[in-house]
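To start, the structure itself, in structure tokens.
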Protein chains: 2
Amino acid sequence: MLSYTEENYLKALLMLSFQNETRPEAGTNEMAAHLGVKPATATDMLKKLKEKNLVTYQKYGKILLTEEGKKNGITILRKHRLWETFLYEKLDFSWDEVHEVAEQLEHIQSPKLVNKLDEFLGFPEFDPHGDPIPKANGEMPSFEKTLLSELTAGETGKVTAVKDTSTLFLQYLEKLNITIGTNIKVLELIDFDGSLNIQIENAPNRSVSMKFAGSLYVKR
Amino acid sequence: MLSYTEENYLKALLMLSFQNETRPEAGTNEMAAHLGVKPATATDMLKKLKEKNLVTYQKYGKILLTEEGKKNGITILRKHRLWETFLYEKLDFSWDEVHEVAEQLEHIQSPKLVNKLDEFLGFPEFDPHGDPIPKANGEMPSFEKTLLSELTAGETGKVTAVKDTSTLFLQYLEKLNITIGTNIKVLELIDFDGSLNIQIENAPNRSVSMKFAGSLYVKR
DNA sequence: TATATTTGTTAGGTAAGTCTAACTTTTATA
DNA sequence: TATAAAAGTTAGACTTACCTAACAAATATA
């Protein structure tokens, strides 16, 4: 049985491994920052997780989840994303409100609850941010990871997910009426600053920054 | 902000105050037993709760919730019973499975969640065991507290709630096809051992014990 | 490559919530 | 009412998860 805190460390490690596509290892400081604790605290926990065979690492080395650790991390991520979907779809929470509450709900222990919730929601494949929800067997639905910024002038993309899930970005998206499924046409690329002129569905044209375009995933 | 543990103590005290209708005070041992901790632990926590003005008590004296403590306890009870209702009604949990999971869910911090959940469930007044769900303002829906054992021969009662929520009893009720709303007619009272012959809806007559009849609330 | 910077570890400490064992107060009963 | 039993408290210890400060190793850079 894992403690609340241990679960959080495993999830953090899993998330970091997704972020660094090529090298799935994480560092102590990186991990501590992600969890909002001091590096010394992370070192302590790492020893504990190693003891329990959930991570492999040695002093001053990189941290890697074991199969067991990864399995546990995925279970927590599954719960997190299912709860986010529940809050968004059934209880009318907004895009930027779901995360905080799901952070708590993901720790509820009841395999039956998770699977019943999954069923109740109709076995969704993606959460409200477009992130894939791990299935009961641990598989992750895959999706095209094209960024809006990778499109060329004239191309149209349908929003599939957000890369940045910060409140500021999510609220900005809501203001622009962009949600999962929205079609965006790239009209012009501005070489000077990397910004681009786009058309969101049938709304008037507007310009968005390079940072913005690098935070949205689309499907061509 | 209350800790997970503090919340549990407040809820326990509230429950004990309901049990002892006439004298709402509780004792240290009683409270410890209810929470599954040793009396020494309860004493420690009591000091802390007193410090926070959530209970009034003095050494070797009886424990009483303050208004503030009661308010907090009711909030937790409200969450507990709403979640039980959710699990039972929406996720097909059985009568005896809801409690354990609701014990965890009741600690999720999000006023918005509670109220949205309440709305989603259609503002239910009673939980799956027939216990009243405190409203957002703290009010408790009231109901007739007649026990099946108080009926006389010939009278019929409609089940409104269970007094005993043990797994054994709940599973027995399920076996007998008794649920909230079921009509039970008392056919005969056996003075010898307090047992009674009853008819459950249209099922064949059967005999139940005094203990059984003292664990079911009905409405005449 | 020597040194400065970054990254990670160790040692020692704190707070919450739990325990056991010994003690004190209150209550029940002979 | 004296005493035995029950109820409640205190002291000291443990575990988990966190911290700060000092130190050690690894990496980057002059």
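Treat the numbers as computed from the prediction; the structure is a model and nothing was measured. So that the names make sense, note that chain A is the first sequence line, chain B the second, and so on, each numbered from 1.
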Next item on the list: Please assess Ile108(A) against Gln104(B) for the test side chain to side chain contact (heavy atoms under 4.5 Å, CB included), listing each intermediate value before the final yes or no.
Entry: CA-CA 6 Å; Ile108(A) 304 293; Gln104(B) 299 178 61; 3.7 Å; yes
Next item on the list: Let me know the distance between CG of Leu49(B) and P of dA16(C), rounded to the nearest Å.
Entry: 12 Å
Check: Rounding to a whole Å, what distance do you find between Tyr9(A):OH and dC18(D):C1'?
Finding: 8 Å
Margin query: Whole angstroms only, please: what is the CD-P distance between Glu25(B) and dT27(C)?
Written below: 12 Å
Notebook entry, point to check: Looking across every strand, which nucleic acid part, if any, lies under 4.0 Å from Thr41(B) by heavy atom: base, sugar-phosphate, or nothing?
Noted result: base
Next item on the list: Run the ring-centre check on Phe93(B) versus Phe86(B) and record whether the distance is less than 6.0 Å.
Entry: no
Next item on the list: Give a yes/no answer on whether the side chain of Ser3(B) brings an N or O atom under 4.0 Å of OP1 or OP2 in dA16(C).
Entry: no
Next item on the list: Take nucleotides 8-13 of chain C nucleotide by nucleotide from the 5' end and write B, S or -, depending on whether a protein heavy atom sits under 4.0 Å from the base, only from the sugar-phosphate, or from neither.
Entry: BBB---
Item checked: Test: Glu106(B) and Lys11(B) ion pair at under 4.0 Å -> yes
Notebook entry, point to check: Hey, are Asp118(B) and Lys135(B) close enough for a salt bridge, meaning a charged N less than 4.0 Å from a carboxylate O?
Noted result: no
Check: Tell me: CG of Leu2(B) to P of dA16(C), nearest whole Å?
Finding: 13 Å
Item checked: Separation of dC18(D) C1' from Asn8(A) CG (nearest whole Å) -> 14 Å
Check: Looking at Thr179(A) and Trp95(A), what are the two nearest heavy atoms and their distance?
Finding: CA-CH2, 3.9 Å
Margin query: Whole angstroms only, please: what is the CE-C1' distance between Met31(A) and dT6(C)?
Written below: 19 Å
Next item on the list: Starting at atom CE of Met1(B), determine the distance to atom P of dA16(C), rounded to an integer number of angstrom.
Entry: 15 Å
Notebook entry, point to check: Is it the case that more than 12 heavy atoms not belonging to Lys112(B) sit under 6.0 Å from its NZ atom?
Noted result: yes
Next item on the list: Measure from CG on Leu35(A) to C1' on dC18(D) and round the result to the nearest Å.
Entry: 12 Å
